[in-house]
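What follows is a short report on a single structure.
For reference, positions follow the sequence shown, starting with 1. Nothing here was measured: the structure is a model prediction, and the numbers come from that model.
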Amino acid sequence: MNTAALTPVFVRLKLSLLRNGLRQSSGRAAAYIASVVVVLLLAAGELLGLVLLRGQDHAASLTVLLTLVLAIGWTVMPLFFPSGDETLDPTRLVMLPLRPRPLIGALLITSLVGIGPLFSLCLLIGSALATAHGAAAVVVAVIAVPLVLLVAVALARAVAAANIRLLTSRKGRDLAVLSGLVIAVGIQVVNFGIQRLGDAGGLSALTPTADVVRWIPPASAIGAVQSASDGSYGRAVAQLLLAFAALALAVNAWRRSLVKLMTSPDGSTLAAAEPSRKESAGGFSRLLPEGRTGTVMLRSLRYVWRDPKTKAAWVTSLVIGLIVPLFNALQGAGTIYFACFAAGMLGIQMYNQFGQDTSAFWMVAQTISTTRDAYAELRARALALLLITLPYSALVTLATAALLGDWGAFPEALGLSFALLGAMLATGAVASARFPYSIPQDSGYKNVAPGQAGLAWISIFGGMLGAALLCAPVLAVTIWLHVSGQTSWTWLLLPVGAAYGALIAWTGLKLAAPQTSSRLPEILLAVSKG
């Protein structure tokens, strides 16, 4: 069967998968329709914005950079969203009597059906309109736009085919956790770049970088449009040939991976199934305290490392807690007190401690019969959190002070961070006992079971407000020392903040322990609803 015969079949198959998926629930259909509307509005906005750049001296510098970013996005998309498109998995077709060459052609054309390709096409058309001047440039643009889109889609397919067995395994799905990191860092990098661009005087600051990027495929195809506009036809042909070469290489890599997938046995999970000698009980656990404290700490830390949702929450908190103070410091608009943001982000992990256990909490509940047992459980969970948050908060504060050169404020900022962390441990322990809620495990996007959103809001935001109030005494002392001119004594805020945070955390754990032991049935019922 050739490509022409396969393509309509695969297009109908993709549309059928989409239609059947939307029929599963009205909520899913509404979410999809809303996403389509948002994407169409963004596509229209970007198209209009790029068209308005037409005639600007340095518009081509922006368009080639946008094209490269678009290609990179398509390339890494399968790594972070392996389940975003079911047709990305070629292993579903291994039992069909299909040859790789026609299969590649059909899949490549089918990949152009969807919201992502539509958005990309609008960006590329806008880039071509902003860059093309003259009949020759229009002809080159007509070739360049579909060429860039084909290269981007082929790159996505090649990467997916090369990694599909890893990405569709349980171990490989943990890669999706990195999406939060990439998105958080990417937003800050874009924000930083826009501010630098404004300071440098506009699009002209992009020209040195664009002069290099216009020779990197597939951005070279859009660079060819500018070359044709300038009358450099030889250079335009060379840039187009680079893009065609990139398409050929991507398709060839895709074909090789496809042949391997369809002819070789799946051994990608054999090594993962073997027991790891590095995770023996005699390793890291030897450094933890004996008895219940060490056992609970080890269990909590293993949740952080192994449970996808817990890991995602921790990775997001670690990254955002780092980039907010550092990027503000790099932009020259920050203050060392932004370092407290790191302690605040990690302190949130103390909330809903029992909900993180989901239905497995009943095993923990069997070991809690007295207030003392409840206190030991909560204390161990807090110690596991402190094992990460204390050095992390110190490192973020140290890095922020180094970037700002504000070493004099380092002790007080770190003291405030420790006080805030202690306050959040206290309120988090109480909120975990009073307002537990379930975290669904059957959805990668829901973090609260239906009907428990109010509990989640009260637990997190009410607890954070309480933590802010508990930190008020240390904050008041800090302000008083600065207002009265007693800045030579601000170093005392480090030991004071640490001691105050420890006292507040201990008090919160003591208050939460009797509530936990007396409310075990209610907690168990609440966290098991998901």
Side-chain angles (χ1 to χ4, degrees), residues 180-182 184-196 198-199 314-350 382-383 385-426 428 464 467-505:
L181 183 151
V182 172
V185 174
I187 290 174
Q188 290 295 328
V189 169
V190 170
N191 180 42
F192 181 68
I194 291 174
Q195 291 194 12
R196 290 289 182 181
D199 295 340
W314 272 92
V315 169
T316 303
S317 296
L318 288 168
V319 172
I320 296 179
L322 176 67
I323 63 177
V324 167
L326 294 191
F327 270 78
N328 277 281
L330 286 171
Q331 293 170 10
T335 169
I336 194 171
Y337 298 108
F338 272 127
C340 296
F341 197 79
M345 287 300 300
L346 294 182
I348 294 176
Q349 304 307 318
M350 187 64 188
L383 289 174
L385 191 143
L386 288 173
L387 200 62
I388 301 174
T389 54
L390 282 178
Y392 178 81
S393 299
L395 286 174
V396 172
T397 308
L398 184 67
T400 307
L403 288 175
L404 294 174
D406 193 3
W407 292 107
F410 172 75
E412 59 186 282
L414 187 56
L416 284 171
S417 294
F418 287 162
L420 176 61
L421 183 58
M424 297 196 75
L425 290 179
M464 292 172 64
L469 293 175
L470 289 175
C471 288
V474 180
L475 184 60
V477 172
T478 304
I479 296 174
W480 177 78
L481 288 175
H482 282 276
V483 171
S484 62
Q486 304 293 326
T487 54
S488 60
W489 294 98
T490 55
W491 64 270
L492 287 173
L493 291 171
L494 176 54
V496 168
Y500 182 80
L503 177 62
I504 289 296

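Considering only heavy atoms from C-beta on, Thr478 stays 4.5 Å or farther from Thr490 through its side chain. Residues Leu416 and Val474 have side chains in contact (heavy-atom distance under 4.5 Å, counting atoms from C-beta outward). Using a 4.5 Å heavy-atom cutoff, the side chains of Trp480 and Val483 are not in contact.
Here CD1 of Ile323 is found 9.0 Å from CZ of Phe341. Values are rounded to the nearest 0.5 Å. Here the straight-line distance linking atom OG1 of Thr397 with atom CG of Leu414 works out to 5.0 Å at 0.5 Å rounding.
Applying the side chain to side chain donor-acceptor pair (under 3.5 Å) test to residues at least two apart or on different chains, the pairs with a partner in residues 401-422 are Tyr337-Glu412, Glu412-His482.
Partners of Leu326 by side chain to side chain contact (heavy atoms under 4.5 Å, CB included), not counting sequence neighbours, listed by chain and number: Leu322, Ala399, Thr400, Leu403. For Ala423, the side chain to side chain contact (heavy atoms under 4.5 Å, CB included) test picks out Ala467, Leu470, Cys471, Ile504, with sequence neighbours left out. Taking the side chain to side chain contact (heavy atoms under 4.5 Å, CB included) definition, one finds that Trp489 meets it with Leu481, Gln486, Trp491, Leu492, sequence neighbours left out. Checked against side-chain hydrogen bond (donor to acceptor under 3.5 Å, both in side chains), Ser317 has the following partners two or more places apart in sequence or in another chain: Gln349. With sequence neighbours excluded, the residues that form a side chain to side chain contact (heavy atoms under 4.5 Å, CB included) with Leu386 are Leu383, Thr389, Leu390, Leu421, Leu425.
Between Met424 and Met464, the shortest heavy-atom distance links the atoms CE-CG, 4.0 Å. Here the shortest heavy-atom pairing between Val319 and Tyr392 reads N-OH, 4.3 Å.
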| request: Might you work through the side-chain contact (heavy atoms from CB on, under 4.5 Å) test for Leu404 and Phe410, ending with a clear yes or no? | output: CA-CA 10 Å; Leu404 294 174; Phe410 172 75; over 6 Å; no
